[in-house]
Amino acid sequence: MGDDYSANMPAIVASSGGIGEGARLAGSMVPNFESAIAEYDDCWGVEGQGDLFADRVGEQAREERDQVLKTLGDIANGYQSLAAAVVQEAQNVQRPQNLAMEDIESQSAESETRR
């Protein structure tokens, strides 16, 4: 261990194992899924036009799509919350250092004033 006892916020965030990158990628899951699934819209047929299969599976397909979108959104929110928590913890580590530096500067200024 060196003689440097300062908090290195970028290093703390970087040591989080790529959580920020995971949050960024997770945020793109919903739009990626939506654009991919759009290619298959109505692949089961057209509802309400005498297509019995389409009439039977259309609602189920929409419910499953909506559930997948909700799940992907929840995963993205979880990653983004985790990334924000890592940054907040890094700030919490650095806060005492910042307060100590402010105190040192304040004491130094008071010392100079007394001279």
Side-chain angles (χ1 to χ4, degrees):
M1 198 161 163
D3 293 332
D4 187 8
Y5 296 103
S6 64
N8 184 340
M9 234 178 92
I12 293 169
V13 173
S15 70
S16 67
I19 292 172
E21 178 67 7
R24 186 189 67 74
L25 292 172
S28 65
M29 288 189 307
V30 170
N32 288 348
F33 178 77
E34 288 176 323
S35 65
I37 196 86
E39 296 178 29
Y40 301 99
D41 280 349
D42 300 325
C43 70
W44 53 83
V46 180
E47 295 176 78
Q49 295 186 6
D51 187 336
L52 185 58
F53 181 76
D55 290 342
R56 288 188 179 171
V57 300
E59 183 177 346
Q60 178 185 349
R62 282 189 299 280
E63 288 173 1
E64 289 178 10
R65 181 200 63 223
D66 292 346
Q67 184 59 48
V68 169
L69 287 169
K70 180 187 178 319
T71 301
L72 292 175
D74 291 345
I75 291 169
N77 288 339
Y79 260 103
Q80 291 163 351
S81 295
L82 182 58
V86 167
V87 170
Q88 183 63 48
E89 282 304 305
Q91 290 171 342
N92 288 342
V93 167
Q94 192 174 37
R95 187 172 294 117
Q97 173 187 343
N98 291 341
L99 292 173
M101 293 303 292
E102 288 172 11
D103 287 346
I104 290 168
E105 289 172 11
S106 174
Q107 293 296 323
S108 177
E110 286 180 25
S111 259
E112 290 298 318
T113 304
R114 286 188 219 150
R115 287 185 187 179

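Any value given below was found using the heavy atoms of this structure, including those in side chains, with hydrogens, waters and symmetry copies removed. Only a predicted model underlies this, so the values are computations on that prediction, with no experimental measurement involved.
Under the 4.5 Å side-chain heavy-atom criterion for Ile, Leu, Val, Met, Phe, Trp and Tyr, Val30 and Ile75 are members of the same hydrophobic cluster. Hydrophobic clustering, with ILVMFWY side chains joined whenever heavy atoms are under 4.5 angstrom apart, keeps Tyr79 apart from Leu25.
The backbone N or O of Gln67 sits less than 3.5 Å from a side-chain atom of Thr71, completing a donor-acceptor pair.
With sequence neighbours excluded, the residues that form a side-chain contact (heavy atoms from CB on, under 4.5 Å) with Val93 are Ala7, Ile12. Residues passing the side-chain contact (heavy atoms from CB on, under 4.5 Å) test with Glu59, sequence neighbours excluded: Arg62, Glu63. In terms of the salt bridge (charged side-chain N to carboxylate O under 4.0 Å, His left out) criterion, Asp55 has no residue partners (sequence neighbours excluded). With sequence neighbours excluded, the residues forming a side-chain contact (heavy atoms from CB on, under 4.5 Å) with Asn77 are Gln80, listed by chain and number.
Residue pairs meeting the salt bridge (Lys or Arg N to Asp or Glu O under 4.0 Å) criterion with at least one partner in residues 67-89, sequence neighbours excluded, are Lys70-Asp74. Residue pairs satisfying the side-chain hydrogen bond (donor to acceptor under 3.5 Å, both in side chains) criterion with at least one member in residues 23-33, sequence neighbours excluded, are listed as follows: Glu21-Arg24.
The structure places CG of Leu69 at 10.5 Å from CE of Met29, a figure rounded to the nearest 0.5 Å.
Residues Ala54 and Gly45 come closest through the heavy atom pair CB-C, 3.5 Å.
Proximity of Val46 to Asp51: side-chain heavy atoms (C-beta onward) are nowhere separated by under 4.5 Å. Side-chain contact check for Val68 versus Glu64: every heavy-atom pair is 4.5 Å or farther apart. Contact annotation: the side chain of Gln94 never approaches that of Gln91 to less than 4.5 Å [non-hydrogen atoms, C-beta and beyond].
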**OP:** Let me see the working for Arg56 and Trp44 under side chain to side chain contact (heavy atoms under 4.5 Å, CB included), right down to the final yes or no.
**Re:** CA-CA 9 Å; Arg56 288 188 179 171; Trp44 53 83; over 6 Å; no
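Side-chain contact annotation: Gln88 with Asn92, donor-acceptor N/O pair under 3.5 Å present.
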